[in-house]
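Taking it in order: structure first as structure tokens, then the write-up.
All chains are named by letter (A, B, ...) in the order of the sequence lines, taking the proteins before the strands, and each is independently numbered beginning at 1. The shown structure was predicted, so the numbers you read here are calculated from the model rather than taken from an experiment.
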Amino acid sequence: MSAPVDSLSQPRFVAGDNGDRLLQVSLGPQHPSTHGVFRMNVDLDGETVVRLKPVFGYLHRNHEKIAESATYLGSIPYTDRLDYICSLTNNWAYALAVEKLAGIEVPERAEYLRIITAELTRLINHTAFAGFILGDMGAWGSALMYAFREREKILDLFEDLTGARMMCNYMRFGGCRCDTPEGWVDRAKKVVAEYPAFLDELEQLLLGNEILLARTRDVGALPAATLLDGGITGPLLRAAGCAYDVRKVDGYGLYSRFKFRVPLGGHGDCYDRIMIRFLEMRESLAILREALDTLPAGPVINPKVKVRAFKPPVGEAYARIEGPKGELGFYLVSDGSPRPYRYRVRPPSFINLTLLEDMCLGRDLADVVVILGSIDIVLGEVDR
Amino acid sequence: MSAAPKWIPPGIGLLQGLAVTGKNFIGSFFRADRMTTVQYPEERVTLSPNSRNIPFLVFDGGDPDTGLRCVACGICEKECPPQCIYIVLDRDENGKSLKRPKVFDIDASVCMNCGICAEVCPFDSIFMDQEYELSSADRFKGLLFDKATLAKSATYHAKIRPLEAAAVAERKRAEEAKRAAAQAAKEAKAKADAAKKAEAPPTISNARPAGGSASPPDLSPTRSGQESDPPKSTQPTAPEEAP
């Protein structure tokens with residue numbers, strides 16, 4: 001007797017709705033194009049996708065339950081590990097929720113530093129996205145390496161400021177953990193000033209490329225109304241022409257002071273999604289230039305907030321920010337103890353993924369990979 | 001999809017992209033901003049002074065046993081998010097605290113280098129190291145760092161993080177000066193008191209009156225309109241909870 005084979009991981013035939021014989025392929029969880037350990041069971045009629053069922057949970061780390069047994073402060077390093085490409089925006093969303101819960105004021109300089117770090121994070125995310133999606137289309141290497149080379153410059157800034165490249169653990173309730181080191185602002189200004197040249201280069205590399213156009217134009221498009229019904233946010237929704245940006249809608253932090261535009265797409269296909277991210281990077285750079293030039297002096301943390309034994313009053317709060325991937329929210333319920341009674345994350349990656357099947361139906365299997373790439377997921381956030 | 005506004009000969013985008021690849025390829029031989037690879041074991045990048053990795057314990061002076069600043073208060077142990085710190089307070093034979101750790105272990109395989117221990121420590125005794133070559137052949141004992149492994153001198157701290165160490169030294173100096181001043185004031189006061197005592201015989205001046213002036217507190221709760229309800233507990237119900 002041979003050992004039983006895991007039948008789910010083998011391609012097998014299943015019955016379709018009208019009695020057809022469909023080939024079920026398990027894509028992932030270790031496939032390099034599935035962005036981590038995401039798995040989907042794709043039912044194929046020939047090359048065409050007839051059904052697609054995502055299988056979640058390979059990277060489940062109990063984030064929300066751990067946060068209920070950790071102190072409010074102790075959860076900040078865990079939020080770094082949600083969407084590990086954009087740790088600082090995760091920090092900010094969580095800090096914002098606690099500040100709303102406890103009614104904490106944030107000094108002006110800290111708000112500026114938050115905007116600066118969050119916009120740098122957006123640059124990192126969108127740059128890495130451009131590299132990843134090219135990898136999904138088969139252009140391994142060049143684009144990703146160029147993207148990571150530039151990303152490294154921003155990660156160096158983060159290491160200088162926060163002590164770590166990716167797991168920054170920087171925001172605190174009522175401000176930021178530490179002030180900028182000597183010369184940091186000038187270095188940041190230099191990186192921001194040099195970035196547009198790199199973006200020009202990347203756009204020249206990608207956006208006119210006939211292969212990229214053939215692979216992404218009219219692929220995975222859904223009408224804006226469907227996306228809204230599905231709760232999709234972020235660049236995905238804006239690529240379909242719906243002007244929704246939490247930075248404009250809520251004006252959290254001091255975003256209402258800054259002048260920036262919200263780029264909108266016209267078709268909602270994968271090409272628009274790539275294009276939207278390039279345009280957003282230009283707007284982020286405009287915010288960064290303004291913020292770095294007008295960075296006020298002053299304290300970076302509200303001295304009234306206790307670091308240890310922090311206890312917010314009884315209540316609940318939901319705070320959201322415009323993360324690089326969409327609306328990132330934290331919902332907290334406090335019972336007055338040093339640990340949250342309930343801690344819930346609204347992860348943009350996970351919710352944006354819910355319409356994957358609708359985007360992929362009727363497309364080829366090769367398009368599934370591109371559509372998944374264009375959603376821009378991070379499994380740390382999907383599975384939590 | 002609407003027609004493209006202007007006709008572009010096919011293949012131009014591809015060639016444009018190839019030009020960028022070529023520029024990067026040639027640049028990777030001589031342009032500093034495109035030569036980013038560091039030949040790691042031979043070459044190393046200089047770390048930022050803020051860069052953090054596994055925590056370490058600071059000791060003053062030459063002896064890591066007696067000079068350890070840690071008083072085993074256990075705050076870091078309690079605040080550590082992944083609970084990787086284990087402390088046992090050292091006691092003498094009478095059970096009196098010696099204000100130093102008998103055991104101070106950090107499990108490096110659990111530690112996530114967040115730096116919260118260093119942030120919450122009120123005694124400036126635990127800081128974040130910059131040592132990153134921590135691999136070990138023994139995954140259990142080799143990664144469980146004990147007190148002797150964790151203890152590093154204050155000079156080492158000043159070397160890796162000059163600014164932070166200087167701020168700590170400044171704070172310590174200020175505290176020392178304050179303590180010395182308080183001590184001097186106390187001694188002067190004691191001297192003055194002794195002089196006063198020598199002048200006049202001691203009297204009990206601030207003894208409390210024996211009876212006590214506080215009236216007994218009114219403990220009867222205001223429960224108008226609640227008499228018909230059966231009491232849910234022995235505790236008096238707060239007025240707001242009344243229906």
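No side-chain donor-acceptor contact under 3.5 Å links A:N209 and B:Q16. Residues A:E159 and B:S48 bring no donor and acceptor atom of their side chains to less than 3.5 Å of each other.
A heavy-atom distance below 4.5 Å is not found between the side chains of B:M112 and A:M167. Using a 4.5 Å heavy-atom threshold, the side chains of B:N50 and A:T162 count as separate. Side-chain contact between B:I116 and A:N169 is present, with at least one heavy-atom pair separated by less than 4.5 Å. For the pair B:N24/A:S142, no side-chain contact is recorded, criterion being any heavy-atom separation below 4.5 Å from C-beta on.
Counting non-hydrogen atoms of other residues, nucleotides and ligands closer than 6.0 Å to OH of B:Y86 gives a total of 12 or fewer. More than 12 heavy atoms of other residues, nucleotides or ligands shown are found within 6.0 angstrom of NZ on B:K152. B:K78 NZ: 12 or fewer foreign heavy atoms inside a 6.0 Å radius. In the displayed structure, B:Y132 atom OH is contacted under 6.0 Å by more than 12 heavy atoms of other residues, nucleotides or ligands. Other residues, nucleotides and ligands place more than 12 heavy atoms under 6.0 Å from the CD atom of B:E43. No more than 12 heavy-atom neighbours from other residues, nucleotides or ligands sit within 6.0 angstrom of CD1 on A:I211. Counting non-hydrogen atoms of neighbouring residues, nucleotides and ligands closer than 6.0 angstrom, the NZ atom of B:K172 exceeds 12 such neighbours. Atom CZ of B:R44 has more than 12 heavy atoms from other residues, nucleotides or ligands within 6.0 Å.
If you tally non-hydrogen atom pairs under 4.5 Å between each of A:E194, A:R172, A:M145 and chain B, the highest count goes to A:R172. Top candidate by heavy-atom pairs under 4.5 Å with chain A, chosen from B:N53, B:L18, B:V20, B:L15, is B:V20. Ranked by non-hydrogen atom pairs under 4.5 Å with chain A, the options B:G17, B:P82, B:S51 are led by B:S51. Per-residue counts of heavy-atom pairs under 4.5 Å with chain A were compared for B:Q130, B:Q83, B:M128, B:E119; the largest is that of B:E119.
Across B:P81 and A:G74, no two heavy atoms sit closer than the pair CB-O, 3.4 Å.
Proximity to chain B is absent for every atom of A:A70, based on heavy atoms less than 4.5 angstrom apart. Contacts of B:K23 with chain A are made by side-chain atoms alone, with heavy-atom separations under 4.5 Å and no backbone atom involved. If you measure heavy-atom distances from A:L161 to chain B, the contacts under 4.5 Å come from the backbone alone. Contact of A:C168 with chain B is made through the backbone alone, with heavy-atom distances under 4.5 Å. Residue contact with chain B, scored on non-hydrogen atoms closer than 4.5 Å, involves the side chain of A:R177 exclusively.
Here the CG-CD distance, from A:L73 to B:E79, works out to 6.0 Å after rounding to the nearest 0.5 Å.
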